[in-house]
Amino acid sequence: MHYVSPSYEKVWDRSTESLYENPLSWIDAVHPEDREHVWEKLGTAQGGRFELQYRIVRKDGIIRWILARHGDIKDKAGAVQRLCGVALDITDLKQAQRDVMKSEMKYRRLFEAAKDGILILDADSGVIVEINPFVLQLVGYSAEECYGKKLWDIGFFSDVDLSKRLFKELQATGYVRYEDVPLKTKAGRPVDVEFVSNVYFVGGVSVVQCNIRDNTARKHTEE
C-alpha cells in the first residue's frame, strides 16, 4: 500500500493506518450481503479498469454506498507497476434515485387509476407518448393504435380542423381549455368532453398534458 487519502477515515470510519498494515482490511467493512460479490469481482478482474458498487457498514452502524473504480498503472513496456483505486461515496445519489423511483411509481399509479383521461404529447409534433386507460376505454382504441401518432391521425377527434387549431393555440399560449370538444369512439359513438391542456418541461423536454373529462352524463342531466 503506497497511499491512502485522508477521506478514507471520514467515509469508512476507519483509520488509514489499518490499510497500510493490511491493504485488504477495507473488505471487513463491506456489507455482508455484498461481500461475496465484491470478492468475485476482484477475483475475476484481470488487470485493466473496472468498477463496482457496494455497501459498507461503518463502525457507528451507518450504511454508506460506495462506487469504486479500479485500474492498473503500467510502465512503458506494458508491465503492471501499481494498482490504483478511487472510492466515491454515492449514498446521497442512491437516496435521490430511490426518491425519484418512488415519485415515478406514485405518478404511474395515479396516471393509471385516474377517472379522467390523461394524454401526454410531444409539444413540438403533437405525437402521443403516454395515454392512460381511461382514454382508451372512452374511445375504444388500443394503446398500440395511439402511441406514436398525432391526435388528428387516429380518428377519435371527430373535428380534425378543430384539434389541429387547438394544438397550434396550445403551442402559442401554453394553455387551452374548452368545455365542449366533440370526440368519436372507434365504434362511431359521439362523446362530448371537457378538454384542458398545458405545456410544461420534463428533463428539459417540452411536453403537453391533456386532461379529458367525459361530459356525457352532465349533458344528459342538462337536457
Could you verify whether a donor N or O on one side chain and an acceptor N or O on the other, from S25 and D28, lie under 3.5 Å apart? no

So how far is it from Y3 OH to C84 SG, rounded to the nearest 0.5 Å? 11.0 Å

Quick check against the 3.5 Å criterion: does S103 have a side-chain atom that pairs as donor or acceptor with the backbone of D99? no

Treating N211 as the side-chain partner and I118 as the backbone partner, does any N or O pair qualify as donor plus acceptor under 3.5 Å? no

Taking everything shown except Q137 itself, do over 12 heavy atoms lie less than 6.0 Å from its CD? no

I need the S163 OG to L170 CG distance, nearest 0.5 Å. 12.0 Å

Could you give me the CA-CA distance, side-chain angles and deciding distance for L183 and L138, then say whether side chain to side chain contact (heavy atoms under 4.5 Å, CB included) is met? CA-CA 10 Å; L183 296 187; L138 179 66; 4.2 Å; yes

Counting N and O atoms only, with roles assigned by atom type, does the side chain of E9 sit under 3.5 Å from a partner on the main chain of R14, one being a donor and the other an acceptor? no

State which residue, out of I90, D34, I66, fulfils the side-chain contact (heavy atoms from CB on, under 4.5 Å) condition with Q53. I90

Indicate yes or no for a side-chain donor-acceptor contact from E145 to the backbone of S142 under 3.5 Å, with no hydrogens or angles considered. yes

Would the W65 and Y54 ring centres measure less than 6.0 Å apart? no

According to a hydrophobic-cluster definition based on side-chain heavy atoms being under 4.5 Å apart (Ile, Leu, Val, Met, Phe, Trp, Tyr only), do V196 and F134 belong together? no

Taking R58 for its side chain and K10 for its backbone only, find out whether a donor-acceptor pair lies under 3.5 Å. yes

I'd like to know if E130 and R108 make a salt bridge, using a cut-off of under 4.0 Å between side-chain N and carboxylate O. yes

Any donor-acceptor N/O pair, N215 side chain to E179 backbone, under 3.5 Å: yes

Checking Y20 side chain against V4 main chain: does a donor-acceptor pair fall under 3.5 Å? yes

May I ask whether I212 and L110 are part of the same hydrophobic cluster, defined by side-chain heavy atoms of I, L, V, M, F, W, Y residues being less than 4.5 angstrom apart, directly or through others? no

Assigning hydrophobic clusters by single linkage (Ile, Leu, Val, Met, Phe, Trp, Tyr; side-chain heavy-atom cutoff under 4.5 Å), is V86 placed with F50? no

Checking Q171 side chain against A123 main chain: does a donor-acceptor pair fall under 3.5 Å? yes

Flag if over 12 foreign heavy atoms under 6.0 Å of NZ, K184: no

Heavy atoms of I128 and I154 approach each other most closely as CD1-CD1, 3.4 Å

One thing to verify: whether D116 and R213 come together as a salt bridge, which I'm taking to mean a side-chain N less than 4.0 angstrom from a carboxylate O. yes

